[in-house]
Structure formats: structure tokens, C-alpha cells
2 protein chains.
Amino acid sequence: MPARRSDAAANRDRIVEAARAELDTSDDLKLHAVAKAAGVGQGTLYRHFPTREHLLAEVYRHEMTQLVDAVAPLLAEHPPLRALTGWLERLLGYARVKRGVMAAIEASAWQDLYTDQHHRLDEALGMLLERGKAAGEVREEVDAADVILLLGALSRVPEAEWDARAHRIVAVIVDGLRPR
Amino acid sequence: MPARRSDAAANRDRIVEAARAELDTSDDLKLHAVAKAAGVGQGTLYRHFPTREHLLAEVYRHEMTQLVDAVAPLLAEHPPLRALTGWLERLLGYARVKRGVMAAIEASAWQDLYTDQHHRLDEALGMLLERGKAAGEVREEVDAADVILLLGALSRVPEAEWDARAHRIVAVIVDGLRPR
DNA sequence: ACCTGAACACCGTTCAAGT
DNA sequence: ACCTGAACACCGTTCAAGT
């Protein structure tokens with residue numbers, strides 16, 4: 001609503017872009033470096049992103065949104081557990097290219113503050129699980145947080161082993177979700 | 001085996017003791033604080049423990065050893081998957097009191113350098129899995145590293161939810177290890 | 001309103017000087 | 001041989017001063 005916010009918005013974008021570029025190469029974000037790369041003062045970074053997680057959430061919002069939006073179509077076309085598998089395969093695909101996506105998902109698990117991102121992820125996974133329960137394919141007790149915590153294992157899979165180990169881990173999780 | 005090492009050994013013990021005390025209350029170790037609490041200079045800490053992981057490994061060696069040593073008796077008395085479950089229950093018991101035990105296990109997963117600790121944990125878990133495979137109770141592809149990575153989920157379970165969620169997560173892992 | 005960047009705090013790590 | 005602790009480096013965070 002106010003007039004002079006275009007410069008602020010531009011700064012914000014440049015910060016996110018710088019952070020994205022940084023994460024493509026170095027795994028962990030140094031805030032000083034991001035500010036410098038974005039050509040802004042550190043205070044500006046803090047003004048836009050009070051915590052590192054806020055920044056990470058913004059960087060991966062796009063990927064997250066795509067993941068969340070992929071749920072409904074999958075559920076429409078497949079039985080629940082198959083939909084879950086398909087969704088996780090998509091997650092693995094993203095994560096193979098951008099390991100940071102897993103970091104973002106892990107951040108969801110820590111956060112007390114339910115960011116929009118986390119909330120939507122939690123809801124999307126929750127929906128998959130609910131449908132699975134209704135179909136008798138998923139055990140009653142589990143919730144989305146359980147799955148998110150288990151998926152955290154993926155963020156510690158060494159790059160070199162990714163393809164084999166990540167799929168194996170997902171297979172164990174999915175089969176473990178089944179009722180006994 | 002030279003003469004003057006009793007003071008060094010005493011220092012080492014005091015460092016470990018101070019670290020243990022610190023971990024009982026504060027989750028993350030500040031090396032400066034540990035050195036101060038132990039009454040030694042920072043250099044002394046580094047002399048004895050070149051990395052933080054070396055220190056953690058020493059702090060939890062006792063618990064780790066007990067865990068590892070518990071495997072053989074369990075395997076003698078139970079079918080493999082039941083032995084694995086029993087072993088994990090024991091792990092949950094330790095971890096409930098000392099959350100840091102999980103951190104130590106997680107450290108195993110990162111480390112490239114195979115410490116004794118890690119090696120023994122890996123072997124113990126590997127043995128449980130091998131027996132399980134031989135009995136047809138565990139799927140062939142999984143290895144100890146998979147399980148260690150999955151167990152890492154436990155170190156991110158909030159204290160308040162521990163009892164319910166930790167057991168649920170372990171149940172999912174164990175069932176997921178079964179062949180389909 | 002928004003920005004800058006010096007400054008502070010914190011903490012891991014090193015190393016010259018001591019015994 | 002072993003120890004001390006000042007000093008350095010690094011990085012997250014704040015804030016007085018600017019526009």
C-alpha cells in the first residue's frame with residue numbers, strides 16, 4: 001500500500017537470489033556472504049528475514065509449492081499408498097538436484113513456529129496418510145510429523161551413495177507405514 | 001609408557017567428566033566452557049580430543065559399549081527381529097534419559113573416519129540384520145547404515161513427545177525392514 | 001520507511017611462552 | 001612431554017547514523 005517499497009522488494013529478491021546461488025554450491029549459508037553477494041547491508045537481510053529459516057523457506061518455497069500441489073493429482077489417479085510413493089519419488093528427484101530441499105523439510109520438523117510452508121507440507125502429507133488409513137493401507141497411529149522426521153534421514157545420505165541408499169530408505173519408510 | 005603421564009590422564013578424565021555434566025543440561029557443547037569447567041586450558045582439550053566428535057565418542061563410550069554388548073545375548077534368546085526390537089527398546093531407554101546418546105549415534109553416520117565406536121555399532125547392527133536376513137525376517141538390501149540414518153529421526157523428536165513418537169517411529173522402521 | 005556497515009558477542013582453533 | 005591462556009578468525013546479530 002505505501003509508495004516507496006519497490007527498492008525494498010528488489011533488495012529482498014536479490015537476497016533470495018544470492019542465497020539460492022550460495023546454496024547451489026556450498027551447503028551452508030553464511031549470512032554475511034549472502035548480504036555481500038546481494039549487495040546489501042547485513043541489517044537489510046535481517047529486516048527481511050528475521051531468522052535463517054525464514055530465508056531458507058523463501059528460497060525453497062517454489063519447490064515446496066510444487067511438491068504440495070502434486071499431492072491432489074496423485075491421489076486422484078492412484079491408490080493412496082501408491083500416490084505416497086509417487087510423491088516421495090518426486091521428492092527424491094528434487095532432492096538429488098538440490099540437496100537443500102531436504103534441509104528445508106528438516107527445518108519443518110524443528111520449527112516451533114508453524115510457517116506457512118511447514119503447515120502446507122504437513123497438510124499435504126497428512127492428506128496422503130489419511131487417505132491411506134481410510135483405505136486400510138496405512139497404520140492408524142502415524143502422522144505427518146513422523147514421516148517428516150523419518151525423511152530427515154535423507155539429508156544425511158552422502159552424495160555418492162544417494163541413488164541407491166535414498167530409494168532404499170524410502171522403501172523402508174513406506175513399507176513401515178503399512179498396517180501389520 | 002613414559003613417566004609423567006598421570007597428570008595428563010587426570011586432565012583427560014576431568015575434561016570428559018565436565019563434558020558429560022555439560023551435556024546433561026545443555027544439549028550442545030561449548031568447548032570453551034568445557035575447558036573452563038574442567039579447569040584446563042583450551043589447548044589441553046584439543047590435545048586430548050582433536051575434534052568435538054572424539055570428545056563425544058568418549059563421553060558416550062560406556063553407553064555405546066553396553067548397547068553393543070547387548071546384541072549377542074538378545075540374539076541368543078530371541079528370533080532376530082525380536083532381538084532387534086529388544087535392542088532398539090534398550091536404545092530408546094538410554095536415549096530418553098540421555099538425549100545425547102542419539103547425537104552420538106548420529107555422529108556415527110556423518111563421520112568418514114571410522115572410529116572404533118562407530119565400527120562396533122555398525123558391526124553390532126550388521127549382525128542383527130544378517131541374522132534377520134538369514135531367517136527371512138529382514139529384507140536383503142538394507143545395511144546397518146540405513147538403519148542408523150533412519151534412527152537419526154529420533155534425535156529430532158521433541159522431548160515432550162518422546163514416549164509416544166519415538167516408539168511409533170521405531171515401529172515403522174522395524175516393520176519397514178521386513179521383506180515384502 | 002528503509003538502508004548501511006561498523007561494532008559487538010560468541011566460540012572454535014592456534015600457538016608462543018611457560019613448567 | 002604437557003599445559004596455559006591470550007590471540008586470532010569467523011560469523012551471527014544489533015544499532016546508531018544516514019537517506
Side-chain angles (χ1 to χ4, degrees), chain A residues 1-60 100 103-104 106-107 110-113 115, chain B residues 1-60 100 103-104 106-107 110-113 115:
Chain A
M1 312 61 172
R4 261 222 118 242
R5 250 189 50 188
S6 62
D7 56 336
N11 276 337
R12 197 188 138 96
D13 289 347
R14 288 224 307 287
I15 290 167
V16 173
E17 221 32 67
R20 198 189 305 278
E22 197 72 17
L23 282 169
D24 275 349
T25 58
S26 87
D27 265 44
D28 73 329
L29 269 208
K30 295 173 211 178
L31 267 17
H32 269 266
V34 171
K36 188 171 186 183
V40 302
Q42 303 99 288
T44 303
L45 193 158
Y46 276 84
R47 159 175 286 264
H48 288 292
F49 303 101
T51 75
R52 150 186 255 100
E53 272 72 27
H54 284 256
L55 178 53
L56 280 177
E58 185 58 35
V59 170
Y60 292 114
E106 274 219 276
W110 314 325
Q111 277 327 57
D112 271 336
L113 60 117
T115 63
Chain B
M1 310 69 184
R4 258 210 129 251
R5 247 188 52 191
S6 62
D7 56 335
N11 276 336
R12 197 189 139 97
D13 290 347
R14 288 225 306 287
I15 289 167
V16 174
E17 220 34 65
R20 197 190 305 276
E22 197 71 16
L23 282 170
D24 275 350
T25 58
S26 87
D27 264 45
D28 72 330
L29 268 207
K30 296 174 210 175
L31 267 17
H32 269 266
V34 171
K36 188 169 185 183
V40 302
Q42 302 99 289
T44 303
L45 194 157
Y46 277 83
R47 162 175 283 263
H48 289 292
F49 303 101
T51 75
R52 152 186 255 96
E53 272 72 29
H54 284 256
L55 178 53
L56 280 177
E58 185 59 34
V59 169
Y60 291 113
E106 274 220 274
W110 314 326
Q111 275 329 56
D112 271 336
L113 59 117
T115 63

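Residue numbering restarts at 1 for every chain, and letters A, B, ... go by the order of the sequence lines.
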Within this structure, what is the [atom1]-to-[atom2] distance between [X] and [N], rounded to whole angstrom?
X	N	atom1	atom2	value
Q42(B)	dC10(C)	CD	P	15 Å
D7(B)	dT4(D)	CG	P	9 Å
L55(B)	dG12(C)	CG	P	11 Å
L45(A)	dC2(C)	CG	P	15 Å
H32(B)	dT14(C)	NE2	C1'	11 Å

Handout entry: Nucleotide-level pairing of DNA chain C, given in dot-bracket where Watson-Crick and G-U pairs need both distances under 3.5 Å and | marks other strands
Key = ||.|||||...|||||.||
Handout entry: Qualifying residues under side chain to side chain donor-acceptor pair (under 3.5 Å), relative to D24(B), sequence neighbours excluded
Key =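 With neighbours one apart ignored, the set is K98(B).
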Measuring from the side chain of [X] (C-beta onward, heavy atoms only), which nucleotide among [options] has the closest atom?
X	options	result
L31(B)	dC2(D), dG12(C), dA6(D)	dG12(C)
R47(A)	dC2(C), dG5(C), dT13(C)	dC2(C)
T44(B)	dC3(D), dA6(D), dC2(C)	dC3(D)

Handout entry: For DNA chain D, the residues among residues 11-30 of chain A that have a non-hydrogen atom under 4.0 Å from it
Key =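 Only L29(A), K30(A) qualify.
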Handout entry: With sequence neighbours excluded, residues passing side-chain contact (heavy atoms from CB on, under 4.5 Å) with Y46(A)
Key =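 Testing Y46(A) for side-chain contact (heavy atoms from CB on, under 4.5 Å), a comparison that skips the adjacent residues, returns L31(A).
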Practice task
Please confirm whether the backbone N or O of L29(A) pairs with a side-chain atom of R52(A), one donor and one acceptor, at under 3.5 Å?
Solution key: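 Answer holds: yes.
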Practice task
Could you check whether R52(A) gets within reach of a base, just the sugar-phosphate, or nothing at all, counting any heavy atom under 4.0 Å?
Solution key: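 Sugar-phosphate: the residue R52(A), judged by heavy atoms under 4.0 Å, touches backbone atoms but no base.
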Of the non-hydrogen atoms in [X] and [Y], which two are nearest, and what is the gap between them?
X	Y	result
N11(B)	V40(B)	OD1-CG1, 3.5 Å
I15(A)	F49(A)	CG2-CE1, 3.8 Å
A18(B)	A37(B)	CB-CB, 4.0 Å

Handout entry: E17(B)/R20(B) salt bridge by N-O under 4.0 Å criterion
Key =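 The answer is yes: the pair qualifies as a salt bridge.
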Please write out the pairs of protein N or O atoms and N or O atoms of nucleotides 17-19 of chain D separated by less than 3.5 Å, giving the distance to one decimal.
none

Problem - Spatial distance of atom OG1 (T44(A)) from atom CG (D7(A)) [nearest 0.5 Å] - result: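 It comes to 10.0 Å.
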Practice task
Measure the CG-CZ distance between L45(B) and R14(B) for me, rounded to the nearest 0.5 Å.
Solution key: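 One gets 12.0 Å once the value is rounded to the nearest 0.5 Å.
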Handout entry: Non-hydrogen side-chain atoms of H48(A) and E58(A) separated by less than 4.5 Å
Key =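 H48(A) does not reach E58(A) side chain to side chain.
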Exercise for the section: Identify, between H48(A) and Y46(B), the residue whose nearest nucleotide on DNA chain C lies closer to the 5' end. Expected result: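 Its nucleotide being nearer the 5' end, the pick is H48(A).
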Exercise for the section: For residues 25-43 of chain A, pull every pair meeting side chain to side chain donor-acceptor pair (under 3.5 Å), keeping only residues two or more places apart or in separate chains. Expected result: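 Of all non-adjacent pairs touching residues 25-43 of chain A, none passes side chain to side chain donor-acceptor pair (under 3.5 Å).
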